[in-house]
Number of protein chains: 2
Amino acid sequence: MFRIGEFARFTRVSVKMLRHYDEVGLCQPAQVDPATGYRYYTVDQLPRLNRIVLLRDLGFGLDQIADLLIRDDADLDRVYAQREAALVDSVARLQAQLRAVQARREMLRDTAPDDLPDVVVRPVDSMLVATLTGGADDDVAALFYRLESYVRDQHARAGRPPLTLLPEPDDETVTAIVPITWLVPPADDIEIKLLAAVPRMACAVYQGGYAGLPGLLQRMLHWLDRTGERPAGPIREVYLRFGAEAELGLPSTFLTGGRDDLVTELQVPLADR
Amino acid sequence: MFRIGEFARFTRVSVKMLRHYDEVGLCQPAQVDPATGYRYYTVDQLPRLNRIVLLRDLGFGLDQIADLLIRDDADLDRVYAQREAALVDSVARLQAQLRAVQARREMLRDTAPDDLPDVVVRPVDSMLVATLTGGADDDVAALFYRLESYVRDQHARAGRPPLTLLPEPDDETVTAIVPITWLVPPADDIEIKLLAAVPRMACAVYQGGYAGLPGLLQRMLHWLDRTGERPAGPIREVYLRFGAEAELGLPSTFLTGGRDDLVTELQVPLADR
DNA sequence: GCTGAGGTCTCCCACGGCGGGAGAGTCAAT
DNA sequence: ATTGACTCTCCCGCCGTGGGAGACCTCAGC
């Protein structure tokens, strides 16, 4: 017969935990003095407590431990398999975090802190859009002017920001894109599409004039390198806030200054891994 | 100007989180309607929120994120290094759990569930003891009888269970050990020692006759194999509850039946890794 | 028998990073 | 004016454990 403190020193399970295990019915003392409430344990409790500690060290929750202590049937392996899968998952997640932290540290070594791109990976939903493709040399603002005008005339403008698809290496075109709320008829070279969802999109928000975007893109690609990610699909430039000039169709040279009111997001679709 | 729901869909940060970040001062809306309490966000918040999400994905706590958002000084790398170390630690811990779960699953495949040893790794404190070493063929009960008698005569018996050190391969001796409360003079071949602490001791509790112990030991060594642990030092057999016969010096053949009142713990010291 | 030290009891709070839900108020379109 | 979709605040729960308050118990020494 041990009192709780002795039993705790013995098993290296804290008094608090023993009381907690008593409360949730995991490991109840052999005897409780009805007058004083003192818990008295015996060595007979040790095998059970030992199993509890083992399962706890395996990372099971207390409710699962309670389950496992009752059942000794065949789908015991199922429970272990499930725990194993959860652990594999956790390890993978932590290792991804670790790689990300290491990549950021390395980039911190040869980049000014302010130039570090804040790259976040998140899913991006599909959206219904109107698109207008032009040559890489076309005035993007002019493309948007035509596109926005058309969509507004159809009363189909969705409350989401416009974007462009950047030209890919093998391609010399830029595509202006405007989200819409429902299907409208295509017109001339304006097409209506469902822009596919991207499960893993690397996103970085940039505040400042458009002249800074190429540098940001370069740093993002550098980031991809460091973290071992591979781009998959066209890069999106999302104009979260753009100057009134863009809407008015003024030449884009107006937009290259150091302007803090412009907010743009670069999005690079990532390949699964 | 976005209301909170729109901003949430946009950034894929839940409304709950945005309110939470507001409350803790991490990311406050650009404007709050004083009459209604409605939060209004602008795209200017995006860079900051993006950084918050990035740091959160790196596994930083919200308080650390708040720190990191203020400081852009040189010991920023220290914070990242610290986070990296914590991650390395977590990964190692989870991988250890994973190995343990896998080992248990594998052993479950070719062992009856009841025969699975519940092996727990825990530190064991040093203790002051009286020891008496005999040949492997000596009657262990007789050794204990002499030892317990001597210690009791000195009024030095500590309230901890007696144990033996099992013979090692190169050695043919068994050592009986009894914990004591303070230094007493040695006598004959009874020695007084400080049994060293063991930081990582593999422990398994066994309930039943002593005939079952060799099998348990074998399964424990099998477990060591599976988990890649290496034994380091003599194996201890701790008699958590033993029959009155042992104290009375009766022949040990009395103790080999299928007796559930006997509780014994096998302890294998593990090498660091 | 008294006192003091050290156990032990129960009950409540805290942690972190949210999610869920209740009950009330707001916004925008019909 | 009604309706339905949002939004507000406030409170609780999670999960396993530690900390602490205030009261009670045990045991040993005087």
Side-chain angles (χ1 to χ4, degrees), chain A residues 1-41 49 52-68 83 86 90 93-94 97 155 158-159 181-182, chain B residues 1-41 49 52-68 83 86 90 93-94 97 122 155 159 181-182:
Chain A
M1 281 315 233
F2 307 99
R3 290 194 305 190
I4 198 170
E6 208 174 350
F7 205 60
R9 274 193 304 280
F10 212 80
T11 58
R12 307 208 61 105
V13 174
S14 77
V15 172
K16 285 284 189 185
M17 287 194 222
L18 285 174
R19 284 203 271 252
H20 187 50
Y21 294 165
D22 176 11
E23 195 180 4
V24 300
L26 260 190
C27 177
Q28 276 157 343
Q31 192 183 328
V32 178
D33 186 324
T36 67
Y38 272 37
R39 296 171 176 83
Y40 292 97
Y41 294 85
L49 184 56
I52 290 172
V53 170
L54 164 71
L55 293 173
R56 193 193 57 185
D57 289 350
L58 257 36
F60 286 101
L62 295 192
D63 45 356
Q64 283 192 304
I65 294 178
D67 268 11
L68 285 167
R83 178 77 198 125
S90 303
R93 199 191 328 283
L94 281 188
Q97 278 193 2
H155 304 287
T181 50
W182 52 72
Chain B
M1 285 310 235
F2 308 99
R3 289 195 306 191
I4 198 170
E6 209 174 350
F7 205 60
R9 272 194 304 280
F10 213 82
T11 58
R12 307 208 61 105
V13 173
S14 77
V15 172
K16 284 287 189 183
M17 286 194 223
L18 285 174
R19 284 202 272 252
H20 187 49
Y21 294 165
D22 176 12
E23 195 180 4
V24 301
L26 260 190
C27 176
Q28 275 156 343
Q31 192 184 329
V32 178
D33 186 325
T36 68
Y38 272 36
R39 295 171 177 83
Y40 292 96
Y41 294 85
L49 184 57
I52 290 172
V53 169
L54 164 72
L55 293 172
R56 192 193 59 184
D57 289 351
L58 259 35
F60 286 101
L62 296 192
D63 45 357
Q64 283 193 304
I65 294 178
D67 268 11
L68 285 167
R83 177 77 198 127
S90 303
R93 198 192 328 283
L94 280 187
Q97 279 192 2
R122 57 174 167 89
H155 303 288
T181 49
W182 52 72

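Basis for what follows: all heavy atoms, side chains included, without hydrogens, waters or symmetry-related copies. Chain letters run A, B, ... following the sequence lines, proteins first and then strands; every chain starts at 1.
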Contact summary for B:Ile52 and B:Ile65, nearest pair of heavy atoms: O-CD1, 3.9 Å
Only counting residues at least two apart or in another chain, list the ones meeting side chain to side chain contact (heavy atoms under 4.5 Å, CB included) with B:Ala86. B:Arg83
Range on DNA chain D touched by chain A - first to last nucleotide, heavy-atom distance under 4.0 Å: D:dG16 to D:dT26
Tell me which pairs pass side chain to side chain donor-acceptor pair (under 3.5 Å) where either residue lies in residues 5-17 of chain A, with sequence neighbours left out. A:Arg12-B:Asp125
Tell me the interatomic distance from B:Leu26, atom CG, to C:dG16, atom P, rounded to whole angstroms. 13 Å
Decide yes or no for B:Leu18 and B:Tyr41: does some side-chain heavy atom of the first lie under 4.5 Å from some side-chain heavy atom of the second? yes
To the nearest 0.5 Å, what is the distance between CG on B:Leu68 and CG on B:Leu55? 5.5 Å
Contacts of B:Tyr21 meeting ring-ring contact (aromatic ring centres under 6.0 Å, His included) (sequence neighbours excluded), chain-then-number -> none
Extract all donor-acceptor atom pairs below 3.5 Å that involve side chains of residues 57-64 of chain A and protein atoms in other chains or at least two apart in sequence.
none

Distance in Å, B:Leu94 CG paired with A:Ser90 OG, rounded so as to fall on 0.5 Å steps: 5.5 Å
Report, as a single string ordered 5' to 3', how protein heavy atoms within less than 4.0 Å touch nucleotides 8-15 of chain C: B base, S sugar-phosphate only, - not at all. SSB-----
Which residues satisfy the side chain to side chain contact (heavy atoms under 4.5 Å, CB included) test with B:Arg19, sequence neighbours excluded? B:Ile4, B:Val15, B:Arg39
Residues which pass side chain to side chain contact (heavy atoms under 4.5 Å, CB included) with B:Gln28, listed by chain and number, not counting sequence neighbours: B:Asp22
Listed in order of residue number, which residues of residues 55-66 of chain B have a non-hydrogen atom at under 4.0 Å from DNA chain C? B:Arg56, B:Gly61, B:Leu62
For the helix from C:dG1-D:dC30 to C:dT30-D:dA1, what is the angle between the axes at its two ends, each from 5 pairs, rounded to 10°? 30°
Measure CE/B:Met1 against P/C:dC27 and give the value in whole Å, please. 13 Å
The criterion is side chain to side chain contact (heavy atoms under 4.5 Å, CB included); which residues satisfy it with A:Tyr38, sequence neighbours excluded? A:Arg3, A:Asp33, A:Thr36, A:Tyr40
